[in-house]
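Values below: all heavy atoms of this structure, side chains included; hydrogens, waters and symmetry mates excluded. As the structure is a prediction and not an experimental result, all values here were calculated from the model. For this chain, numbers begin at 1 and follow the sequence in order.
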Amino acid sequence: MIVRILSRGDKEIVLEIEGEDHTLGNMMMKEALRHPGVEHATYRVPHPLKPVLEFTLVVKNGENVGKVLKDVIDSLRKQLEEFKLAVENVLG
């Protein structure tokens with residue numbers, strides 16, 4: 001996975017994530033939209049044959065876009081770890 005910042009402003013960041021597709025984009029977008037500091041979040045896959053997605057995050061006034069992005073990623077990481085443990089418990 002390669003991550004590039006395509007653009008960054010006070011309230012918005014656009015990331016290009018190479019090697020990923022709708023799976024990660026959808027998870028990131030949905031989790032971002034749950035964050036109280038997020039005004040808008042979306043993703044797109046510019047070309048269906050290239051494993052690249054663009055993720056856009058826009059935060060509310062007074063929020064730090066970098067901190068909110070970190071919060072979103074930390075929350076996803078925690079949820080996936082909990083899911084992993086639940087599966088491991090079921091499998092024994």
Side-chain angles (χ1 to χ4, degrees):
M1 175 187 308
I2 298 170
V3 179
R4 292 180 196 86
I5 297 175
L6 296 181
S7 68
R8 183 176 180 171
D10 292 338
K11 290 182 55 180
E12 178 182 70
I13 190 166
V14 180
L15 302 176
E16 179 182 74
I17 305 169
E18 191 175 320
E20 296 297 334
D21 57 18
H22 293 281
T23 303
L24 181 63
N26 194 42
M27 286 181 5
M28 288 178 64
M29 179 189 70
K30 286 185 175 186
E31 189 59 31
L33 292 171
R34 290 184 185 105
H35 192 288
V38 170
E39 186 173 298
H40 177 76
T42 189
Y43 80 94
R44 71 185 195 107
V45 176
H47 193 284
L49 298 178
K50 295 183 180 178
V52 174
L53 75 90
E54 292 177 9
F55 176 74
T56 302
L57 178 68
V58 180
V59 297
K60 295 178 180 175
N61 286 332
E63 295 287 341
N64 179 299
V65 71
K67 182 186 179 313
V68 171
L69 179 60
K70 184 180 180 316
D71 289 349
V72 168
I73 293 167
D74 287 346
S75 180
L76 279 174
R77 181 180 292 142
K78 180 181 176 191
Q79 290 176 49
L80 289 170
E81 184 61 31
E82 289 172 1
F83 177 66
K84 176 185 169 200
L85 292 173
V87 170
E88 287 172 347
N89 287 337
V90 169
L91 294 176

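With sequence neighbours left out, the salt bridge (Lys or Arg N to Asp or Glu O under 4.0 Å) criterion links Arg4 to Glu16, Glu18. Here His40 pairs with nothing under the ring-ring contact (aromatic ring centres under 6.0 Å, His included) rule; sequence neighbours left out.
The number of heavy-atom neighbours closer than 6.0 Å to CG of Asp10, taken from other residues, nucleotides and ligands shown, is 12 or below.
With values rounded to the nearest 0.5 angstrom, Asn26 atom CG is found 10.5 Å from Leu53 atom CG. Put simply, CE on Met27 and CZ on Phe55 are 11.0 Å apart, with the number rounded to the nearest 0.5 Å. The distance from atom CG of Leu80 to atom CG of Leu85, rounded to the nearest 0.5 Å, is 11.0 Å. Rounded to the nearest 0.5 Å, atoms CG (Leu15) and CE (Met28) are 6.0 Å apart. Rounding to the nearest 0.5 Å gives a distance of 8.5 Å between OG of Ser75 and NE2 of His35. A distance of 10.0 Å separates CD1 in Ile13 from OG1 in Thr56, rounded to the nearest 0.5 Å.
A single hydrophobic cluster is seen to contain both Leu24 and Ile73, as judged by linkage of ILVMFWY side chains at heavy-atom distances under 4.5 Å, directly or through other members. Taken together through direct or relayed side-chain contacts under 4.5 Å among Ile, Leu, Val, Met, Phe, Trp and Tyr, Val14 and Val52 form parts of separate hydrophobic clusters. Each of Ile2 and Leu69 belongs to its own hydrophobic cluster when Ile, Leu, Val, Met, Phe, Trp and Tyr are linked at side-chain heavy-atom distances under 4.5 angstrom. A single hydrophobic cluster is not seen to contain both Leu6 and Leu57; linkage of ILVMFWY side chains at heavy-atom distances under 4.5 Å, directly or through other members, places them apart.
The nearest pair of heavy atoms linking Lys50 to Val45 is O-CG1, 4.2 Å. Ala41 and Leu33 make their closest contact through N-CD2, 3.7 Å (heavy atoms, listed as atom of the first residue, atom of the second, distance).
For the pair Glu81/Arg77, no side-chain contact is recorded, criterion being any heavy-atom separation below 4.5 Å from C-beta on. By the 4.5 Å heavy-atom criterion applied to side chains, Lys78 and Asp74 are not counted as neighbours.
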**OP:** Please test Ile17 against Met1 for side chain to side chain contact (heavy atoms under 4.5 Å, CB included), starting from the C-alpha separation and ending with a verdict.
**Re:** CA-CA 7 Å; Ile17 305 169; Met1 175 187 308; 3.8 Å; yes
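Evaluation of the side chain to side chain donor-acceptor pair (under 3.5 Å) test over residues 59-68, restricted to residues two or more places apart or in two chains, returns Lys11-Asn61, Lys67-Asp71.
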